[in-house]
Every structure is written in structure tokens, then in C-alpha cells.
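Report on one structure; see the data block that follows.
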There are 2 protein chains.
Amino acid sequence: MKRRNTPTKEAVLNLLSASKKALSQDAIEKQLDIKINRATIYRVLNRFCEDEIIHKIVAEDGKQYFAICKKCEQPETIQDHFHFRCLSCDSIECLQIPVRYSVPENYVVQQTNCILTGICSDCN
Amino acid sequence: MKRRNTPTKEAVLNLLSASKKALSQDAIEKQLDIKINRATIYRVLNRFCEDEIIHKIVAEDGKQYFAICKKCEQPETIQDHFHFRCLSCDSIECLQIPVRYSVPENYVVQQTNCILTGICSDCN
DNA sequence: TAATTTATTGCAACATAATCGCAATAGAGT
DNA sequence: ACTCTATTGCGATTATGTTGCAATAAATTA
């Protein structure tokens, strides 16, 4: 399925590019100048994920957050990294810290979803 | 608030004790012999979490899973550990693998929620 | 054993996140 | 300008989890 360029896609991608934090759908909707439907935002985000332009993080609040980060821009560097969720400013960011682990025999890991929760330096 | 012993609490705790996997509310409800209300199960589980008898994991599906594991039984050993979610048998288990990380200066970590997703040994 | 206190439960309603079907719209190529 | 179909908006739907309230039942006391 060939992708098409639309104002919606562009707006969402620009927002994520400019943001240092991972954003949820509702955060994106609020921060956008133009009015975009909720379902559309989800669809755009999921397409970006499929195309590996952004990646998805699920936080302990059960919500999905999306971010562009080094992983995508520099695939040769940090693949699986930790995310940090600040309870004070309620934001999620990508940490440039790789997730290191070993698994029992015959276990195959395909992806990771690792979140550290606490207080970030801005709030300390 | 003093806790009381009830058949519901006992049934849920027995189920979690017997299970090697982390269970979601609906899984618990299905596996129980007795019929227990959904809201009640959540309240029982949340109380167990408060009392640190069990712990909660939020998976990439956004759902809450609950498990008794070494962390609780042997507080002196593995505190923060990885969890493994098998895409084949759709189960979540605690791995006896500690989460090791460092964070940038002035970041304070209060808790972790780390999940590795893939295929477990049983399904390989 | 009966009475009292209040933690616990069931039910219904509510809140929120995310998805889906469908018709309308609008990119992109001809 | 025309065609094809990816994309969008809208409404409805599903699912997860929580909350208010009255009824129930543990645990303590008399």
C-alpha cells in the first residue's frame, strides 16, 4: 500500500520531530494548530510505526506514547533503549541508555518496552 | 484500614500463587471457580499491591497483569526484574533477571516496568 | 450468643483509550 | 481532466479500569 503525503501526516511528524518527549494521541491533538480527528491521528501514528519512522511506548498508565528518537534516526546505534516517565511533569522521554538483558535458553526476544518512572532532572 | 479475610481474597491469592504466570483481571475471573464481580477483583488486586503481596505489570497491550513472584517472597533478592511476554501463548511471566540501568544526573528512579516480548521456550 | 462496627462486595454507571465500518475527500499517476 | 484508491471524519463500538452507593458479612465487643 503506497503512502500519500497529506497535511495531517506532515503536521504530526513535524510535531513529533520538534518534541523532545514522547507524545500521546491527545497531547498531539491538543498541540496541533489544525483540527485532526482522533481516529485519524491514531491511524497516522500507527502507519508511522509500521514504516518505522516512529516507535511506540506503552506506559504504566496503559496509554500509548509515540516518539521519534535516535533509534530511528541512527539505526546503527541504540536499538532498545530505556524510557523515562517523570511523575512530576508527566512526560516520557527516550533515554540514550541501552536495555541490556539475558534470557533463559530458547527464549527469543523480538522487542522491548522498558520504562523507568520517577523524577527527571528538570523537576529535581 | 484493617484487612479482613474473605473467600474472594483467598481465591484470588490462591490462583495467583498457583500460577506461574502473571494474570489479568479477566483471566482471573475466568479461571476462578466462584463468580466474582469485575470491580471486586480489581479492588482485591489493588489492595494486594498496596500490601506488596503481589505486583503489577502493564504490558504493551495496555493491560494490567498481576503476579506473585520472588520479588515479593524474597525481598532481599531481585527487586526490579524483567518480564517476558510470549506472543505465541500470550502469557506474561517474571524472569529472574534484574533490570540494570544508569540514568542521567539528577534523575531519580522510583519504579521500573520492563517487558521483553517474543517467543518463550515452551513455544519454541 | 447477640450486637456493633466497618471492611468488603455486587451492581450500575461512568471515564477513558483505542479501534472499526462506511461514506466522503483528496493525493498521485495517467 | 480523469481514474484509482489511500486517507480522512464521523459515529458507533469495544475494552479496560474506576467509582458511588446500598447491601453484605468479617471481626470485635458486650
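Please read all numbers here as calculations on a predicted model, not as lab measurements. In the text below, chain A, chain B and the rest are named by the order of the sequence lines, each starting its count at 1.
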Quick one: [X] [atom1] to [N] [atom2], roughly how many Å, whole number?
X     : N      : atom1 : atom2 : value
B:N37 : D:dG17 : CG    : P     : 14 Å
B:K63 : C:dA18 : NZ    : P     : 15 Å
B:D61 : D:dG17 : CG    : C1'   : 13 Å
B:D26 : D:dT18 : CG    : C1'   : 16 Å
B:I36 : D:dT24 : CD1   : P     : 18 Å
A:L23 : C:dA17 : CG    : P     : 14 Å

*Want to settle it: does A:K35 or B:S24 sit nearer the 5' end of DNA chain D, counting the closest nucleotide to each?*
A:K35

*Listed in order of residue number, which residues of residues 39-51 of chain B have a non-hydrogen atom at under 4.0 Å from DNA chain C?*
B:A39, B:T40, B:R43, B:V44, B:R47

Sub-4.5 Å side-chain heavy-atom contact between [X] and [Y]:
X     : Y     : value
A:P98 : A:H81 : no
B:R43 : B:T40 : yes
B:Y65 : B:K21 : no
A:L16 : A:L45 : yes

Pairs under 3.5 angstrom, nitrogen or oxygen only, protein versus nucleotides 26-30 of chain D, please.
| unit_1 | atom_1 | unit_2 | atom_2 | d |
| --- | --- | --- | --- | --- |
| D:dA26 | O3' | B:N5 | O | 3.4 |
| D:dA26 | N3 | B:R4 | NH1 | 3.1 |
| D:dA27 | OP1 | B:N5 | N | 2.9 |

Nearest non-hydrogen partners of [X] and [Y], listed with the distance:
X      : Y      : result
B:A59  : A:V58  : O-CG1, 3.4 Å
A:N124 : B:N106 : ND2-O, 2.7 Å
A:I57  : A:A22  : CD1-CB, 3.8 Å

*salt bridge (charged side-chain N to carboxylate O under 4.0 Å, His left out) with B:K63: which residues, sequence neighbours excluded?*
B:D26

Distances under 3.5 Å between nitrogen or oxygen atoms of protein and nucleotides 12-14 of chain D:
none

*asked:* I need the single residue from B:I115, B:T112, B:V99 that forms a side chain to side chain contact (heavy atoms under 4.5 Å, CB included) with B:F82. Which is it?
replied: B:V99

*So how far off straight is the helix from C:dT1-D:dA30 to C:dT30-D:dA1, going by the axes through five pairs at either end, to 10°?*
30°

*Using the six-membered ring wherever Trp is involved, compare the ring planes of A:Y107 and B:F84 and label them parallel, tilted or perpendicular (cut-offs 30° and 60°).*
perpendicular

*Quick one: do B:S19 and B:Q31 satisfy side-chain contact (heavy atoms from CB on, under 4.5 Å)? Show the steps, please.*
CA-CA 10 Å; B:S19 174; B:Q31 290 181 39; 5.5 Å; no

*So, do B:F66 and B:F48 have ring centers that fall under 6.0 Å from each other?*
no

*Which residue pairs satisfy the salt bridge (charged side-chain N to carboxylate O under 4.0 Å, His left out) criterion with at least one member in residues 1-19 of chain B, sequence neighbours excluded?*
B:R3-B:E50, B:R3-B:D51

_Heavy atoms only, 4.0 Å cut-off, all strands: where does A:Q25 land among base, sugar-phosphate and nothing?_
nothing

